[in-house]
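Quick notes on the structure that follows.
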Amino acid sequence: MAAGCVSPPSTKDLLSVGFRTPEQTFATFQTAVRADDPGLEFRCFSAGFRTRTQPPLSQLNYREFREVLRREHPLLRKGLADARIESMERRGSRARLRASSHGQQLEIQLALDDYAEVWAGGEPVVDESIDFEQRTGTQTAADGRRWIHGSSPLPDGFDAARVTELRFGREWKIDGIATVGEASEERRSAAPNP
């Protein structure tokens, strides 16, 4: 394989896309990079990361941003696609992965993003960032069983009978990526050649 070439994702990679753990989120980002899918790449970033970027990242300007980044760093895509997780630390709603790729070490910061979605068939009625603990709760029934519930405001005048799906979730999203130096000699010898 020539330098800079990236293998497409496997069917297994595509079916494993998700954000339930920090590791799954990073693997999803790598799948998006391999698939050259800017929409999925964008979904991997936290709301906080998108807001902190100047100008704030949107679906549209992310596509422009990634084209500039790829022109300036032509081997970036291969480096991200080939990265291997070396370690992971998790504290509450934050996590940090260390990965190595082609002699470089990366640090990936992740954060839990909380959301609520309400759908009416294929139409999104509500799609918002929330504080999961404030919008969900538990209660105990008379028979001792515990139930979890969530609440989301509907738009004025919207007929609640049209709701077909209500989702509350917490997803791990990338909150920052940085190169933190060269990988150790041992890690470099184990890394694939570009």
Shared-cluster residues of W119, by chain and number - hydrophobic side chains joined below 4.5 Å: none
Apart from I174 itself, residues in the same hydrophobic cluster as defined by side-chain heavy atoms under 4.5 Å: F26, F29, V33, F42, F45, F49, L57, Y62, F65, L69, L76, L80, I85, M88, L97, L106, I108, L110, L112, W172, I177
Residues R66 and E41 bridged, charged N to O under 4.0 Å: yes
Heavy-atom pair with the smallest gap, counting every atom of [X] and [Y]:
X: A116; Y: S152; answer: CB-OG, 4.4 Å
X: R63; Y: G39; answer: NH2-N, 4.2 Å
X: Q104; Y: T179; answer: OE1-CG2, 3.3 Å
X: S101; Y: G79; answer: OG-O, 2.7 Å

T140 vs R145, side chain to side chain contact (heavy atoms under 4.5 Å, CB included): CA-CA, chis, key distance, verdict: CA-CA 6 Å; T140 304; R145 288 189 296 166; over 6 Å; no
Worked check of salt bridge (charged side-chain N to carboxylate O under 4.0 Å, His left out) between R70 and D36: CA-CA 12 Å; R70 285 183 176 185; D36 201 21; 2.7 Å; yes
Between [X] and [Y] (side chain of the first, backbone of the second, donor and acceptor by atom type, cut-off under 3.5 Å), is there such a pair?
X: N61; Y: S58; answer: yes
X: S10; Y: D13; answer: yes
X: T28; Y: G18; answer: yes
X: T21; Y: Q24; answer: yes
X: R34; Y: V6; answer: no

Rounded distance (nearest 0.5 Å) linking atom [atom1] of [X] with atom [atom2] of [Y]:
X: D143; Y: R146; atom1: CG; atom2: CZ; result: 13.0 Å
X: F168; Y: D114; atom1: CZ; atom2: CG; result: 11.0 Å
X: L14; Y: K12; atom1: CG; atom2: NZ; result: 12.5 Å
X: K173; Y: D113; atom1: NZ; atom2: CG; result: 6.0 Å

Salt bridge (charged side-chain N to carboxylate O under 4.0 Å, His left out) pairs, two or more places apart, involving residues 21-31: none
Contact list for residues 93-110, test salt bridge (charged side-chain N to carboxylate O under 4.0 Å, His left out), sequence neighbours left out: E89-R96, R94-D175, R96-E107, R98-E107
Distance-only donor-acceptor check, side chains S100 and Q105, under 3.5 Å: no
Residues which pass side chain to side chain contact (heavy atoms under 4.5 Å, CB included) with R162, listed by chain and number, not counting sequence neighbours: A120, E123, F158, D159
Steps toward side chain to side chain contact (heavy atoms under 4.5 Å, CB included) verdict (H149, Q139): CA-CA 8 Å; H149 59 88; Q139 63 189 60; 3.6 Å; yes
Worked check of side chain to side chain contact (heavy atoms under 4.5 Å, CB included) between E117 and V125: CA-CA 7 Å; E117 293 178 354; V125 177; over 6 Å; no
Verdict with supporting geometry, R170 and Y115, side chain to side chain donor-acceptor pair (under 3.5 Å): CA-CA 7 Å; R170 307 189 91 184; Y115 67 90; over 6 Å; no
Side chains of residues 126-136: which donor-acceptor partners sit under 3.5 Å, not counting sequence neighbours?
residue: E128; atom: OE2; partner: R135; partner atom: NH1; Å: 3.0
residue: E128; atom: OE2; partner: R135; partner atom: NH2; Å: 3.1
residue: D131; atom: OD1; partner: E133; partner atom: N; Å: 3.1
residue: D131; atom: OD1; partner: Q134; partner atom: N; Å: 3.4
residue: R135; atom: NH1; partner: S151; partner atom: O; Å: 3.4
residue: T136; atom: OG1; partner: F132; partner atom: O; Å: 2.7

